[in-house]
Amino acid sequence: MRIGVYGGTFNPIHRGHLTAVRAAADALGLEKVLLIPDNLPPHKALPAGSATGEDRLEMCRLTAGEVPGMEVLDLELRRSGPSYTSDTLAELHAQYPDDELWLLVGSDMFLSLQEWHEPERILSLAGIAAFHRTRGDETERFAQQKAYLEQIYGARVALLENPDVVEISSTELRAQLAQGRGRSFLTEAVYGYVLRRGLYGTHADLKHLTPEELRPIALSFLKPKRMPHVLGTEHEAAVLARRYGADVTSARIAALLHDCLEDTDASFDEITRLFGRTVAELVEGVTKLTRVQYSTMEEQQMENLRKMFMAMSKDIRVILIKIADRLHNTRTMQFQSPEKQISKSRETMDIYAPLAHRLGMQKIKWELEDTSLKYLDPEGYNEIMRYLNAHQAEADAFMKAIQSKITTRLSAVGIHGSIYGRIKHVYSIYRKMKAQNKTIDELYDMYAFRVIVDSIPDCYNVLGHIHDLFNLVPGRFKDYISTPKPNMYQSLHTTVIGQ
Ligand code: MN
């Protein structure tokens, strides 16, 4: 395996570093790149607001997801006293004895390599990959230096082109950040980290951020592999809030932060200090719900838990965010391990689908149930899907006929209404098959129609006409108008035989 070794101050790590790593990885076929922030030499007196070694390390970690195979090591930061590249390479060589090490260096470093501590030791332990600037006399000096190192030290030297070179020095970048500029040179998460910690003279007012301004800061709390999930949850939370009339901005904000207590060492107090009490309580509420161990629960406990959920979230947005979180998890379930797919799907079926149901979020309940079924009983799920796909044209024609029968009658008697037909969702069909011990083509109860009218008397009128048009199945009539469901849902339900 070829391993790249990239040391530097990374104060802060920026897009210039990342494009260099990408260029080297491509050119040399590196499978792994080790990013090693160095100890700042003590003679460099640090100006106020400078990043500590810990900050620089953390910022490097936040970028690890940007390049495949990139890892961040703290071995130079841990070392006390002077830290030499030759020692670092020796340590890495001991750790990866069978692999080929390549030291990535910029132009200044490359051109002065023979003046480093123990150049012959460095060059015996690693090849040198130098970023080559194809400009003017630099090309010439690079070629000369390559020939010199090869001749004197028997070095392996690769000159790399860096076509996407980002022209910024760290000094210049720090100056820009102090003036509220420079964001585009950093990854979102690193920019957020700089603001959150007030590094390099930045002063962001974190309590009054829009979701757009908060996004990088939220990412700066996360492990790189978790970032897409949080952005996905933000999106789902906004969709849910819009649909259910909750405040979209605060739903976005809380969703962006929903995993930051879970994922990092951020504390409730720190979140309160940074973002204020309301946001901190939302985040804590979501975190508490996340930490409950569902897998070991009995039926009775489940019911209690569902009640507890409702009681615990004084703020409905907590539940909203938790459902957005779960919705995003189920939609990306194919990336989980088989064990996780099963346990998460079980949890979704037992907790989140009933919760969505209780909140009147029917479409979301259906999606949660169908996706979970796909993992809990793939065969059962596929059988139903195959049947539905094969009979789609037939089902469409059937629903159209029923719909037009109802429409004709309503317009004949002068009732104004809209009619929507649908095939029941997969899990509902699945449950019916199990309960009635039937195969799917023996099942009749597969279609649902909704008639929406302008007044309550019209609801009862339509019901009369439906019962006149079709044969009714006794014992299935429910009047949720006179007795609304706990979530205020009101309608009439009946079951009839269509033909
Ligand atoms: Mn989450």
Side-chain angles (χ1 to χ4, degrees), residues 61-62 64-65 188-189 192 196 211 214-244 246 248-268 270-271 274-275 278-295 305-306 308-309 312-313 315-337 339-356 359 361 364-365 367-368 371-372 375:
R61 284 192 176 133
L62 287 170
E188 283 288 275
R196 170 153 71 84
L214 176 67
R215 205 171 290 130
I217 293 172
L219 294 178
S220 79
F221 281 105
L222 302 169
K223 298 194 176 76
K225 65 173 181 151
R226 198 144 192 95
M227 293 175 187
H229 163 71
V230 165
L231 296 177
T233 303
E234 181 204 356
H235 174 77
E236 300 303 344
V239 171
L240 288 182
R242 209 169 289 127
R243 191 184 302 157
Y244 295 100
V248 174
T249 302
S250 58
R252 268 188 194 279
I253 287 177
L256 278 169
L257 294 170
H258 86 278
D259 272 334
C260 70
L261 285 181
E262 188 62 17
D263 235 35
T264 67
D265 42 12
S267 68
F268 179 76
E270 189 185 356
I271 303 292
L274 290 174
F275 305 106
T278 314
V279 170
E281 277 175 0
L282 276 174
V283 173
E284 197 192 32
V286 175
T287 307
K288 272 187 187 156
L289 298 188
T290 307
R291 289 195 178 144
V292 180
Q293 275 295 324
Y294 308 102
S295 45
L305 184 70
R306 283 194 280 268
M308 191 180 77
F309 255 57
M312 254 167 70
S313 45
D315 191 330
I316 190 68
R317 288 175 299 183
V318 170
I319 300 270
L320 218 63
I321 289 151
K322 203 54 211 159
I323 287 182
D325 175 51
R326 186 48 60 119
L327 206 52
H328 185 264
N329 282 335
T330 56
R331 285 180 186 169
T332 50
M333 198 65 96
Q334 69 268 32
F335 305 114
Q336 297 288 347
S337 66
E339 298 76 41
K340 261 236 157 111
Q341 286 175 344
I342 302 277
S343 70
K344 287 274 163 199
S345 297
R346 191 72 270 156
E347 230 173 74
T348 303
M349 208 61 124
D350 291 340
I351 305 285
Y352 292 95
L355 208 59
L359 292 169
M361 303 169 159
I364 287 167
K365 176 198 170 209
E367 181 180 343
L368 291 175
T371 314
S372 302
Y375 293 100

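Every number for a ligand or one of its atoms is a count from 1 in the order of the listing. Numbering of residues begins at 1 and proceeds along the displayed sequence. Values below: every heavy atom of this structure, side chains too, minus hydrogens, waters and symmetry copies.
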Can a donor-acceptor pair be found, under 3.5 Å and without considering hydrogens, that links the side chain of [X] to the backbone of [Y]?
| X | Y | result |
| --- | --- | --- |
| His258 | Ala255 | yes |
| Thr330 | Leu327 | yes |
| Arg252 | Arg215 | no |

Check salt bridge (Lys or Arg N to Asp or Glu O under 4.0 Å) between [X] and all other residues, then give those that pass, not counting sequence neighbours.
| X | answer |
| --- | --- |
| Arg243 | none |
| Arg196 | Glu270 |
| Arg61 | Glu58 |

Practice prompt. Would you mind counting protein N, O or S atoms that sit less than 2.8 Å from the Mn ion (ligand 1)?
Written response: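 Protein heteroatoms (N, O, S) closer than 2.8 Å to the Mn ion (ligand 1) number 4.
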